[in-house]
2 protein chains.
Amino acid sequence: MVTMSEVARAAGVSVMTVSNVLNGRSNVGADTRLRVLEVVEELGYEINLTARRLRSGRTGTIGLIVPQFDLHYYGELASRISEALAPEGMHLVVEQSGASRERELSALSLARLQQYDGVLLSAVGLDMADLERIHPDVPIVLLGEQAVPDRYHRVRMGNVVGSRLATEHLIRCGAHRIAVLGGKLSAPHPEMATCRAQGWSQALEQAGLPHDPGLVIPLTTYSIAEARAAVATAIDGGLEVDGMFAVTDEVAIGALAGLHDAGLRVPDDVQLAGFDNLGISEHLVPGLTTIDPGHPVMVAEALRLLRRQLEDREAGPEHVVGDVSLIVRGTTRARDTSSPAPG
Amino acid sequence: MVTMSEVARAAGVSVMTVSNVLNGRSNVGADTRLRVLEVVEELGYEINLTARRLRSGRTGTIGLIVPQFDLHYYGELASRISEALAPEGMHLVVEQSGASRERELSALSLARLQQYDGVLLSAVGLDMADLERIHPDVPIVLLGEQAVPDRYHRVRMGNVVGSRLATEHLIRCGAHRIAVLGGKLSAPHPEMATCRAQGWSQALEQAGLPHDPGLVIPLTTYSIAEARAAVATAIDGGLEVDGMFAVTDEVAIGALAGLHDAGLRVPDDVQLAGFDNLGISEHLVPGLTTIDPGHPVMVAEALRLLRRQLEDREAGPEHVVGDVSLIVRGTTRARDTSSPAPG
DNA sequence: TACGCAAGATTTATCGTTAAATCTTCGGCA
DNA sequence: TGCCGAAGATTTAACGATAAATCTTGCGTA
């Protein structure tokens, strides 16, 4: 492997001059710079990022830690972030934590964090106490809904508002008994499932509709397969609904299949709404009515918070909540085109 | 940040002894080992992976480079590989190349490759000449279908066989005019789209059915949205078919939507088969008939090839082709339950 | 003439770890 | 008694880069 000192020797200059050239520093003469660049080209030299990092601390790499690569939401998130970083010359590497507390902790170990200039963490397994204990010396931005200590920078969606919007829409479209798929009524700390169930229950309450625990279909992995089975089981078990709010689009896809399994038609027998507005949701048959969480804005905000910390390690923590909007498609009946949509 | 020498000082031993303890080397006394571990715990010391890598060359990290995080195939691939590596104590980081030649080249730069002990590359933008030019000093396994120089280790699917299986099944189920969505009849070098179109045309030819260029619906990004639009446009333009082989499940999802847009029912008017057996394919309505490429085996093989290179840098290149199998679901008519399926 | 200063280049000292060689002990055995 | 070898620990010298300080010129100006 070619090193900087070999380049230096071949160009007849010092190692430091090569370093100066490659880092675009101004204290090099034009002819020297040219000669160094020629030699670099000729020998096929490339910088050793490991050595640079050890000495300078900078890596040009941002880490993104997600629970599962194969949940579509995270794939889309990773893709968006990667594209947003590319023009800045930084690049993104993504790790999967498997949604387990141990592996999230391991991903957050100093050893692993050191590898990055900054980290975006989409945590689901860690609790408040874990996060309280950790004092990373790398800029971190948390993405997601779980409760976190104040000192963390954080971006999250308007979960309660969005869920209420979705549920209100189901109600306006004529649904009276609306289940929440993947909802959770209580938990030690707020998380995605509780926030979204909260919006659901607010909407029902306001409309004077029932929101009894029997309407909550709990999930644990939020996979399509789990959601499908849970819906089919619930219907088989006698659950009667004419509307369903799925806490994510991923589980809404499972719900579509599960309702079909149970012989129910969407939207004729049961209307359905999701949350996340995945890329695929538009292309389901029928198209999925859902909540758009404003992905581009959330990504931009997350990166802004990260950059702010990179520039100023003492930057005070910010807490950003994204704007949500309702996207109406075929899984709900177009009953209320006359009345203006709120939000 | 706590360093090894601080631990050493606090424990009253040399830095090397701390290193020996942490790396489980046997030349440390039991009591010394215990004392060092206590101090490590007490100070919250964690190893600096950057320094270790610089000195020893080992990182414990495998890199996976994929074109797009948000194509479901790659999300599933990344997830499987990550899970397969976890028990070995290695971990996976994933990078997105954006399917562009430049960014694939940049991801393959020495500088970036050095960061990993080994790399799995799912390349689509690079051509034979690019790969010929590159001489990485890190073990690499190529995943995918493009032509590659012999010296690379490589795992790919049984594209031609699988596509023929899928098309034959469409024929057995009564389809006579079968389009190939995302197919490509010729290209400078073999790639996914040409291999899969080849299986399609073989099946048609053998059955004495037409496989004229008019039945080829080309795609460039292989996204759901592109596929949907292409199908709708083709049908609007007068294409009449009773069967469609989509080169990936992802584009099959788009086809389902596009056919629906055009007022055609699946499988009643047009039967549809895909390729990849994505997790979601089973849960579409109707379920997608597709080719299963044996993901677990492919992942295991890819990692075996990587390990082989890690253990022996001179290991001769291997070229593994996965076994495929037909998965019959609702997008094809169950016409031929009597006749045994081949393969 | 002499001084100061900027530009261009080099020297020195690390960053935190590990490979390899070296140094102590001390028990066993001739 | 004296020598050998194993076990346990230390010393030395890097890995490849960069920050900071230092060293040359050469030119403008007093």
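Just so we're clear, the structure is a prediction, and the values are computed from it rather than from any experiment. Protein chains get the first letters and strands the later ones, always in sequence-line order, with residue 1 at the start of each. No hydrogens, no waters, no symmetry mates; every other heavy atom, side chains included, goes into these values.
- Put simply, chain B comes within 4.0 Å of DNA chain C, heavy atom to any atom, from C/dG16 to C/dA20, going 5' to 3'.
- Here A/Glu83 pairs with B/Arg103 in a salt bridge; the nearest charged N to carboxylate O distance falls below 4.0 Å.
- Among pairs with a residue in residues 6-28 of chain A, none fulfils salt bridge (Lys or Arg N to Asp or Glu O under 4.0 Å), at least two apart in sequence or across chains.
- Taking B/Leu43 as the reference, B/Val2, B/Val7, B/Ala10, B/Val39 meet the side chain to side chain contact (heavy atoms under 4.5 Å, CB included) condition, with sequence neighbours excluded.
- For the helix from C/dT1-D/dA30 to C/dA30-D/dT1, the end axes, each set by the C1' atoms of five terminal pairs, are bent relative to each other by 60° (nearest 10°).
- Applying the side chain to side chain contact (heavy atoms under 4.5 Å, CB included) criterion to A/Glu42, with sequence neighbours excluded, gives no partner residue.
- Contact of the B/Gln114 side chain with the A/Met1 side chain is registered, since non-hydrogen atoms from C-beta on lie closer than 4.5 Å.
- DNA chain C lies under 4.0 Å from at least one heavy atom of each of the following residues of residues 45-61 of chain B: B/Tyr45, B/Ile47, B/Asn48, B/Ala51, B/Arg52, B/Arg55, B/Ser56.
- Straight-line distance from the CG atom of B/Leu34 to the C1' atom of D/dG8: 16 Å, rounded to whole Å.
- Shown for residues 22-30 of chain A: residues whose heavy atoms fall under 4.0 angstrom of DNA chain C, namely A/Ser26, A/Asn27, A/Val28, A/Gly29.
- Inter-residue side-chain proximity for A/His295 and A/Tyr73 is flagged as met; some heavy-atom pair is nearer than 4.5 Å.
- For B/Gln115 and D/dC15, the CD to P distance is 19 Å, given to the nearest whole Å.
- Looking at A/Pro149 and A/Met128, their side chains come closer than 4.5 Å, going by heavy atoms from C-beta outward.
- Residues that satisfy the salt bridge (charged side-chain N to carboxylate O under 4.0 Å, His left out) test with B/Arg112, not counting sequence neighbours, are B/Glu95.
- Legend: salt bridge (Lys or Arg N to Asp or Glu O under 4.0 Å) pairs involving residues 296-307 of chain A, not counting sequence neighbours, sorted by first then second residue: A/Glu88-A/Arg307, A/Glu301-A/Arg304, A/Arg304-A/Glu318.
- For DNA chain C, the neighbouring residues in residues 13-20 of chain A, judged by any heavy atom under 4.0 Å, are A/Val13, A/Ser14, A/Met16, A/Thr17, A/Asn20.
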Atom pairs and distances, donor-acceptor, side-chain atoms in residues 129-146 of chain B, under 3.5 Å, two or more places apart:
from, atom 1, to, atom 2, distance (Å)
B/Asp130, OD1, B/Arg101, NE, 3.1
B/Asp130, OD1, B/Arg101, NH2, 2.8
B/Asp130, OD1, B/Arg133, NH2, 2.6
B/Asp130, OD2, B/Arg101, NE, 2.6
B/Asp130, OD2, B/Asp127, N, 3.1
B/Glu145, OE1, B/Asn159, ND2, 2.6
B/Gln146, NE2, B/Ala123, O, 3.4

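- A heavy-atom distance below 4.5 Å is found between the side chains of A/Thr32 and A/Arg35.
- Annotation: salt bridge (charged side-chain N to carboxylate O under 4.0 Å, His left out) contacts of A/Asp70 (sequence neighbours excluded): none.
- In this structure, CG on A/Leu120 lies 8.0 Å from CG on A/Leu77, to the nearest 0.5 angstrom.
- Of the N and O atoms on the side chains of A/Ser109 and A/Ser106, not one donor lies less than 3.5 Å from an acceptor on the other residue.
- Side-chain atoms of B/Arg52 and B/Asn23 form a donor-acceptor pair, as typed in the model, at a separation below 3.5 Å.
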